[in-house]
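See below for the structure under consideration.
Along the sequence shown, the residues carry numbers beginning at 1. Note: hydrogens, waters and symmetry copies are ignored here, and every other heavy atom, side chains too, is used.
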Amino acid sequence: MSTAVESRTIDTLLLEERRYPPPPEFAAEANAKPDIYSRSFEDFWETEGRERVTWFEPFTKLLEWELPYAKWYLGGKLNVCFNCVDRHVAAGNGDKVAYYWEGEPEGDRRELTFADLQREVVRFANALRKLGVRKGTAVAIYMGMVPELAVAMLACTRLGAPHTVVFGGFSAESLAGRMNDMGCELLITQDEGWRAGKPVPLKLNADEALASSPSVKQTIVLRRTGGGVSMQEGRDRWWDEVIDGEPDDAESCPCEPMESEDLLYLLYTSGTTAKPKGIVHTTAGYLVGVAATHHYIFDVKPDSVYWCAADIGWVTGHSYIVYGPLCNGTTGIIYEGVPNYPDPERWWEIVERYRPDILYTAPTAIRSHMKWGAEHAQKHDLSSLRLLGTVGEPINPEAWVWYREHIGGDRTPVVDTWWQTETGMILITPLPGVTTLKPGSATRPFPGVDAAVVDDKGNEVGPGAGGYLVLKRPWPAMLRGIYQDDERYRETYWSRFEDVYFAGDGARVDEDGDFWLLGRVDDVMNVSGHRISTIEVESALVDHPEVAEAAVCGRKDERTGQAIVGYVSLVGGREGSLEKLEELRNHVGKKIGPIAKPANIVFTPELPKTRSGKIMRRLLRDVAENRELGDTTTLADPTVVEEIKQRAATGKAEE
Ligand code: PRX
């Protein structure tokens, strides 16, 4: 962990003395009561497993733990779509709204009840079946935030077909890489998406990806914008045409009974190499984990309207827009576009219109709203809000307090929830109604979760000391590995310390036992709550024919948490230019996706290297954050970093 970053973070935390005990009225009605923490690990997960989910056949064994692989709820049979849709309709809640959907273009709205959702899912599942999708067929989904994205995911789970959802902001190459890794046979996409008033060319990207994804034989294309796209005869079919004439009654397409440990989905995430990891999530433990956490942490009530403003393409959307909330029969909001389209009031209009009582978003979004000004929120009635949540990166206390005051009317609890694509569910979090909140702290491990902070040697540190976050026991929604890469799974999560899961985050525990997350300790950057590996961006830069060498690091950014800084040497020692900088940024955008574009690129004839030729990223981070340089004695040529410092100071070209 960089000591400068750590000490600065710790300074902030030491000064943070604000405390927010649970309001008594909230506590009296809360789903979680203080005694929840005294439930034993086994009792907690047994009970949640039985109560939160409907089983076709009950499980007979809670957990089998053969380090580093866990199996949960063995012997059980269930179906995720049945739990998220059918059982609510069967219980008489068919008329309850499952999703309020708001498109980005103004006035574009839809309301889907659970009965509507069931009909749409069944028709689409029938169509998929006709195209040959069966239990085990791998399906890729590359869409924007439209209700059909949830419909597609649920239809897959109904058939027992594992999916991989690829975020619509990823490039053709990223999409192809994921489809090839999983061996997808069918792709579900749409003509275009809407983002900030402009169409996003999803089908066009998909066409490019399909050219290098030989396993994908068929696609289904939803018409969203009506923009012109090319359709390949025999391969591409329109969504409305494939569902035309398909029956929509549940019996026409029964939910496939799945084993607890059957594959539910893969979701790819960045690690410390250029190749994204296919994180494996299975059926029962995942569903129990997301439903239980959603119930207690968001304190959802039968009449709640819950808004998670993430994108379904990330794990937050999988667990807390689709699977957790639907399993709990909760009414949700899906918004298609960006928060400031057509202006920064958009979110607050949405709150006023649908009156959610719960809002869950990322610190980067909160900081954007802070920048745009509280006046936009003040123009709207936000009194429906009862609880706020954040996820994705450490939240600075100022943003936490602003969120509570300006959005939460200085009355709502704010739950800062720590988790990862790998963990599947929230693991460290306050429980509203129970926990005394501290701005900037994710507070406690969720009941049935065993977390600790350890030093370099793996020994637990005492109160106040910093170290590495580890998990000492398995949890139901944990990853079941990296797809087809046992070695990388063991190496990434289980080799750093003996017998515990290494999360890759720095943390500290204070005197009260509350956890404070301090950011990544590896070569993974966190930009607007999204994980991007330095090596992925470096590979994309070096892929450009004029780039000889590249090194990338993150630097602190007020709005996005971290921003990407690239250091590039051009072939033949050529000098860079503003045009070259733009060209390289666009190259990275094309290779990975716009979120991975470096905010700044410093051109330099040499990169700082050790005598053995290793690039010293630590020094580049110091330069990027304008810090005093750390130890430079191991550099092969100490003058190099001085030169880079000069260039960084003069050649800035930021967005
Ligand atoms: O560094 C932590 C940060 O996000 C990483 C996980 O990223 P991803 O898999 O993309 O999932 C994000 C949404 C679950 C973590 O290793 N992170 C996430 N939540 C928090 C956080 N850091 C501090 N506080 C949080 N609440």
TODO: Determine the minimum heavy-atom distance between Ile564 and Val527, stating which atoms define it.
DONE: CG1-CG2, 3.8 Å
Task: Note: Arg488-Glu491 ion pair, threshold 4.0 Å (strictly below) - done: no
Open item on the list: Tell me whether His281 contacts the main-chain N or O of Ala477 through its side chain, where contact means a donor paired with an acceptor under 3.5 Å.
Closed with: yes
TODO: Please lay out, stage by stage, how Glu549 and Lys609 fare under the test salt bridge (Lys or Arg N to Asp or Glu O under 4.0 Å).
DONE: CA-CA 12 Å; Glu549 264 193 318; Lys609 289 186 191 150; 2.6 Å; yes
Task: Set of residues satisfying side-chain contact (heavy atoms from CB on, under 4.5 Å) with respect to Asp510, sequence neighbours excluded - done: Lys438, Asp512, Asp514, Trp516
Open item on the list: Using a 3.5 Å distance criterion without hydrogens, assess whether the side chain of Thr604 forms a donor-acceptor pair with backbone atoms of Leu607.
Closed with: no
Task: Working for side-chain hydrogen bond (donor to acceptor under 3.5 Å, both in side chains), residues Trp418 and Asp505 - done: CA-CA 10 Å; Trp418 178 91; Asp505 278 295; 3.2 Å; yes
Open item on the list: Checking His376 now: which residues fulfil side-chain contact (heavy atoms from CB on, under 4.5 Å) with it, not counting sequence neighbours?
Closed with: Pro344, Glu345, Trp348, Trp372, Lys379
TODO: Starting at CD1 of Ile141, measure out to SG of Cys184 and round the result to the nearest 0.5 Å.
DONE: 9.5 Å
Task: Arg224 with Glu104: basic N within carboxylate O range, under 4.0 Å - done: no
Task: Glu625 bridged to Lys556 by N-O distance under 4.0 Å - done: no
TODO: Walk me through it: do Glu582 and Lys597 pass the test salt bridge (Lys or Arg N to Asp or Glu O under 4.0 Å)?
DONE: CA-CA 10 Å; Glu582 253 334 279; Lys597 282 186 182 179; 5.5 Å; no
Open item on the list: With a 4.5 Å cut-off on side-chain heavy atoms, are Glu16 and Arg18 touching?
Closed with: yes
Open item on the list: Nearest 0.5 Å, please: how far is CZ in Arg178 from OG in Ser213?
Closed with: 12.0 Å
Open item on the list: Could you go through Glu349 and His380, starting from their C-alpha distance and side-chain angles, then the distance that decides it, and tell me whether this counts as side-chain contact (heavy atoms from CB on, under 4.5 Å)?
Closed with: CA-CA 7 Å; Glu349 282 167 18; His380 295 274; 3.4 Å; yes
- [ ] Classify the side-chain pair Thr417/Tyr360 by whether it contains a donor and acceptor separated by less than 3.5 Å.
- [x] yes
- [ ] Give a yes or no on whether a salt bridge exists between Glu336 and Arg195, defined as a side-chain N under 4.0 angstrom from a carboxylate O.
- [x] no
Task: Closest non-hydrogen atom pair, Pro430 against Val414 - done: CG-O, 4.3 Å
Open item on the list: Closer than 3.5 angstrom, by distance alone: can the side chain of Thr423 be matched with the main-chain N or O of Trp419 as a donor-acceptor pair?
Closed with: no
- [ ] Supply the atom-to-atom distance Glu375 CD to His406 NE2, rounded to the nearest 0.5 angstrom.
- [x] 10.0 Å
Task: Identified salt bridge (charged side-chain N to carboxylate O under 4.0 Å, His left out) counterpart of Glu393 within the set Arg559, Arg367, Arg531 - done: Arg367
Task: Within 45° cone of Phe502 ring axis and under 6.0 Å: Arg496 NZ or CZ - done: yes
Task: Any donor-acceptor N/O pair, Gln420 side chain to Ala503 backbone, under 3.5 Å - done: yes
Task: Geometric cation-pi criterion Arg346 and Tyr335, 6.0 Å radius, 45° cone - done: no
Open item on the list: Between Glu422 and Met478, is there a side-chain heavy-atom distance shorter than 4.5 Å?
Closed with: no
Open item on the list: Ring centres under 6.0 Å, that's the criterion: do Phe167 and Trp314 meet it?
Closed with: yes
Task: Candidate pair Trp307 and Tyr320, rule ring pair (Phe, Tyr, Trp, His ring centres under 6.0 Å), full reasoning - done: CA-CA 9 Å; Trp307 185 17; Tyr320 298 110; over 10 Å; no
- [ ] Drop me the distance from Cys553's SG to Met616's CE, to the nearest 0.5 angstrom.
- [x] 13.0 Å
Open item on the list: Any non-hydrogen side-chain atom of Leu635 less than 4.5 Å from a side-chain atom of Val641?
Closed with: yes
Open item on the list: Pair Thr412, Leu387 - check side-chain contact (heavy atoms from CB on, under 4.5 Å), show working.
Closed with: CA-CA 5 Å; Thr412 61; Leu387 177 66; 5.5 Å; no
Task: Salt bridge Asp181-Lys275, side-chain N to carboxylate O under 4.0 Å - done: yes
Task: Sub-4.5 Å side-chain heavy-atom contact between Ser319 and Met425 - done: no
Task: Side-chain heavy atoms of Lys198 within contact of Val200, under 4.5 Å - done: no
Open item on the list: Please check this pair: side chain of Asn340 against backbone of Asp343, looking for a donor-acceptor N/O pair closer than 3.5 Å.
Closed with: no
Task: Whether Asp416 side chain and Gly389 backbone form a donor-acceptor pair below 3.5 Å - done: no
Task: Lys371, NZ: over 12 other non-hydrogen atoms inside 6.0 angstrom - done: yes
Open item on the list: Under a 3.5 Å distance rule, please check whether Glu546 uses its side chain to pair with a backbone N or O of Val571 as donor and acceptor.
Closed with: no
Open item on the list: Between the side chains of Lys591 and Asp543, is the shortest nitrogen-to-carboxylate-oxygen separation below 4.0 Å, so that they form an ion pair?
Closed with: yes
Open item on the list: Between Val524 and Thr534, is there a side-chain heavy-atom distance shorter than 4.5 Å?
Closed with: no
- [ ] For the pair Val165 and Leu149, evaluate side-chain contact (heavy atoms from CB on, under 4.5 Å) and give the outcome as yes or no after the intermediate values.
- [x] CA-CA 9 Å; Val165 178; Leu149 169 51; 4.1 Å; yes
Open item on the list: Which heavy atom of Ala399 sits nearest to which heavy atom of Ile366, and what is that distance?
Closed with: O-CG2, 3.7 Å
Open item on the list: Is it the case that over 12 heavy atoms from other parts of the model lie below 6.0 angstrom from the CD atom of Glu558?
Closed with: no
TODO: Quick one: closest heavy-atom pair of Tyr142 and Thr189, and the distance?
DONE: O-OG1, 2.8 Å
Task: Donor-acceptor contact below 3.5 Å, side chain Thr364 vs main chain Ser528 - done: no
Task: Heavy-atom donor-acceptor pair, Arg627 side chain to Val623 backbone, under 3.5 Å - done: no
Open item on the list: Taking Ile592's backbone N and O only, do any of them form a donor-acceptor pair with Ser174's side chain (distance below 3.5 Å, no angle check)?
Closed with: yes
